[in-house]
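Data block below; observations after.
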2 protein chains.
Amino acid sequence: MTETGPPAEDLTARARIRDAALEMFAEHGMKGATFRGIAEAAGVSVGLVQHHFGSKQELREACDAYALDTIHRLSAEKIDGIGDPGFLARAMRIDLPVRRYLARALVDGSPAAARVFDDLVDTTETYFTAPLPPGVNAPATTDVHGYAAALVAITIGMEVLHEHLSRVLGADTFTPEGALRLRRALFDVFDDRLLSPELAARARAAMREYESGGFGRTARAGDGAPTEEGP
Amino acid sequence: MTETGPPAEDLTARARIRDAALEMFAEHGMKGATFRGIAEAAGVSVGLVQHHFGSKQELREACDAYALDTIHRLSAEKIDGIGDPGFLARAMRIDLPVRRYLARALVDGSPAAARVFDDLVDTTETYFTAPLPPGVNAPATTDVHGYAAALVAITIGMEVLHEHLSRVLGADTFTPEGALRLRRALFDVFDDRLLSPELAARARAAMREYESGGFGRTARAGDGAPTEEGP
DNA sequence: TTGGAAGCTGAACGTTTGTATGGGAGGAGG
DNA sequence: CCTCCTCCCATACAAACGTTCAGCTTCCAA
């Protein structure tokens with residue numbers, strides 16, 4: 001279905017519909033996007049949408065499959081295409097809508113998006129358990145799986161909250177300028193130690209105590225937003 | 001509209017409808033939730049929903065206002081209610097649906113949710129520029145605003161991606177067990193230094209060079225997912 | 001007791017949705 | 001020429017949606 005290179009026949013009506021659906025699903029959600037809206041965005045009739053993709057569910061699954069395939073294909077090409085000028089621009093043109101789609105699909109509940117998330121966690125965990133490149137330290141944790149999950153969630157969260165981050169930062173985080181500013185900020189957060197070693201040790205001790213105490217006898221998950229502002 | 005304590009009249013049909021709407025909006029999105037579904041969940045007729053809250057838009061705005069008010073009220077009470085036994089349980093019962101609602105509203109695009117996000121960034125930024133409590137270091141960054149935005153986005157992202165984090169971690173992150181595991185993992189990530197000082201310095205230099213070079217002449221924002229797995 | 005407001009219901013209306021259907025334009029092969 | 005096939009469009013229709021409306025209780029004040 002997909003070529004290894006850039007799909008040459010990407011001007012077909014079917015591809016245009018798929019792209020329009022990707023965008024509409026990403027912007028209005030799986031329920032908010034309509035057949036007629038997609039058809040109009042693609043410049044075709046409503047009937048053609050269902051001629052190519054039978055039902056809305058099938059159109060959505062086609063988008064899922066395309067997104068899944070694109071993610072895998074681009075991550076495979078990324079390895080040896082990193083030196084090719086124009087590859088990044090081409091990759092971004094295809095990649096960006098897919099990432100926006102997947103970000104929305106994660107919230108709206110799509111099996112494909114969930115799988116991408118799980119795969120990312122697996123990949124990250126494997127990356128950390130395998131021999132690491134020089135300069136990269138092994139994560140100091142007893143729960144590499146959780147560590148990887150948190151890392152992936154942070155990364156994906158930036159995409160899901162893209163709109164709000166862009167507004168707050170004053171620059172679209174999908175443009176080079178905004179992406180750089182966000183990257184710098186994230187880098188600072190990761191390279192920084194907000195808590196002194198003593199306070200960090202106390203926090204860890206408190207978590208252990210909390211755990212051994214049967215989670216405080218009454219349900220206390222309400223304050224589950226960690227490291228937000230104060231201790 | 002809201003008492004300072006726990007709303008005693010929370011058994012009224014209006015409150016039941018509001019709670020049901022909160023839940024439905026959180027689960028199915030603003031477009032996916034229906035009047036009839038909300039009415040059924042609240043155990044009332046469709047007409048009553050319309051009687052109390054005129055239109056769907058108004059119902060949504062009522063949920064927004066309630067969520068906004070709850071967030072502010074709870075954060076105010078949190079200061080002196082932290083010692084009160086049962087307060088956390090009560091707070092969680094009210095707080096949790098609101099947080100789930102806001103997490104969904106952030107993606108579906110609600111002014112109130114956006115405001116909560118902005119306020120959180122402001123609060124965090126102010127927290128960092130004001131004198132810090134002992135044990136908390138000032139963030140080592142030249143962009144405190146971006147730093148605060150990244151921190152808030154990370155926190156909120158955990159709530160938005162709650163479903164996937166729970167699946168991957170094997171425990172609902174809204175229960176004490178799952179929340180603790182996630183908190184530990186996040187704590188490890190924040191307290192850890194994945195990159196050696198040399199590599200971190202190189203990464204910073206690369207970002208500066210990238211910036212001064214006009215963002216690489218061609219659009220390169222596609223790889224905007226920072227610190228994901230490799231360098 | 002009477003009256004009216006408030007809480008609540010069920011049935012209806014018009015619109016929008018996803019989907020089904022019939023048919024037309026244009027080339028390929030016989 | 002005809003025929004088939006693919007691509008494509010306009011319309012039709014049932015279901016679900018938000019919304020409207022007339023009427024039923026319940027309760028409290030006059």
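Residue numbers start from 1 in every chain, and the chains themselves are labelled A, B, ... in the order their sequence lines are given, proteins ahead of strands. These numbers come from the heavy atoms of this one structure, side chains and all, not from hydrogens, waters or symmetry mates.
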Name every donor-acceptor pair, under 3.5 Å, that has one atom in a side chain of residues 25-53 of chain A and the other anywhere in the protein, sequence neighbours excluded.
residue	atom	partner	partner atom	Å
A:Thr34	OG1	A:Gly37	N	2.9
A:Ser45	OG	A:Leu48	N	3.3

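Rounded to whole Å, atom P of D:dT11 lies 16 Å from atom CG of A:Leu48. In this structure, NE2 of A:His52 is placed 14 Å from C1' of D:dC5, rounded to the nearest angstrom.
Residue A:Leu96 holds its CG atom at 8.0 Å from NE2 of A:His162, rounded to the nearest 0.5 Å.
Surrounding CZ of A:Arg100 are at most 12 heavy atoms belonging to other residues, nucleotides or ligands under 6.0 Å away.
In terms of heavy-atom proximity, B:Glu58 sits nearest to B:Gly54 at OE1-CA, 3.4 Å. Across all their heavy atoms, B:His164 and A:Leu106 have their closest contact at NE2-O, 2.6 Å.
Residues that satisfy the side-chain hydrogen bond (donor to acceptor under 3.5 Å, both in side chains) test with A:Asp64, not counting sequence neighbours, are A:Tyr101, A:Ser110. Remark: A:Glu125 engages A:His145 in a side-chain hydrogen bond (donor to acceptor under 3.5 Å, both in side chains) (not counting sequence neighbours). B:Arg60 meets the side-chain hydrogen bond (donor to acceptor under 3.5 Å, both in side chains) test with no other residue; sequence neighbours excluded. When the side chain to side chain contact (heavy atoms under 4.5 Å, CB included) test is applied to A:Ile71, the partners found at least two apart in sequence or on another chain are A:Asp95, A:Val98, A:Leu102. In this structure B:Tyr147 satisfies the ring pair (Phe, Tyr, Trp, His ring centres under 6.0 Å) test together with B:Phe128, sequence neighbours excluded. Residues meeting the side-chain hydrogen bond (donor to acceptor under 3.5 Å, both in side chains) test with A:Asp122, sequence neighbours left out: none.
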Polar atom pairs (N or O), protein with nucleotides 26-28 of chain D, under 3.5 Å:
none

Tabulated below should be each protein N or O lying under 3.5 Å from an N or O of nucleotides 19-21 of chain D; please produce it.
residue	atom	partner	partner atom	Å
D:dT19	OP2	B:Lys56	N	2.7
D:dT20	OP2	B:Gln50	NE2	3.3

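In this structure, the side chain of A:Thr173 does not engage the main chain of A:Ser166 through any donor-acceptor pair within 3.5 Å.
Using a 4.0 Å cut-off between a side-chain N of Lys or Arg and a carboxylate O of Asp or Glu, A:Asp143 and B:Arg184 do not qualify as a salt bridge. B:Asp119 and B:Arg115 are joined by a salt bridge, as a carboxylate oxygen and a charged side-chain nitrogen come within less than 4.0 angstrom of each other.
Within residues 21-33 of chain A, no residue is approached by DNA chain D to less than 4.0 Å at the level of any non-hydrogen atom. Interface residues of residues 105-112 of chain A facing DNA chain D, ordered by number: none; criterion, heavy-atom separation under 4.0 Å.
Where DNA chain C meets chain B (any atom under 4.0 Å from a heavy atom), the bounding nucleotides read 5' to 3' are C:dG7 to C:dA12.
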A:Asp108/B:Arg104 under side chain to side chain contact (heavy atoms under 4.5 Å, CB included): CA gap, chis, key distance, verdict = CA-CA 9 Å; A:Asp108 275 359; B:Arg104 182 68 186 238; 2.7 Å; yes
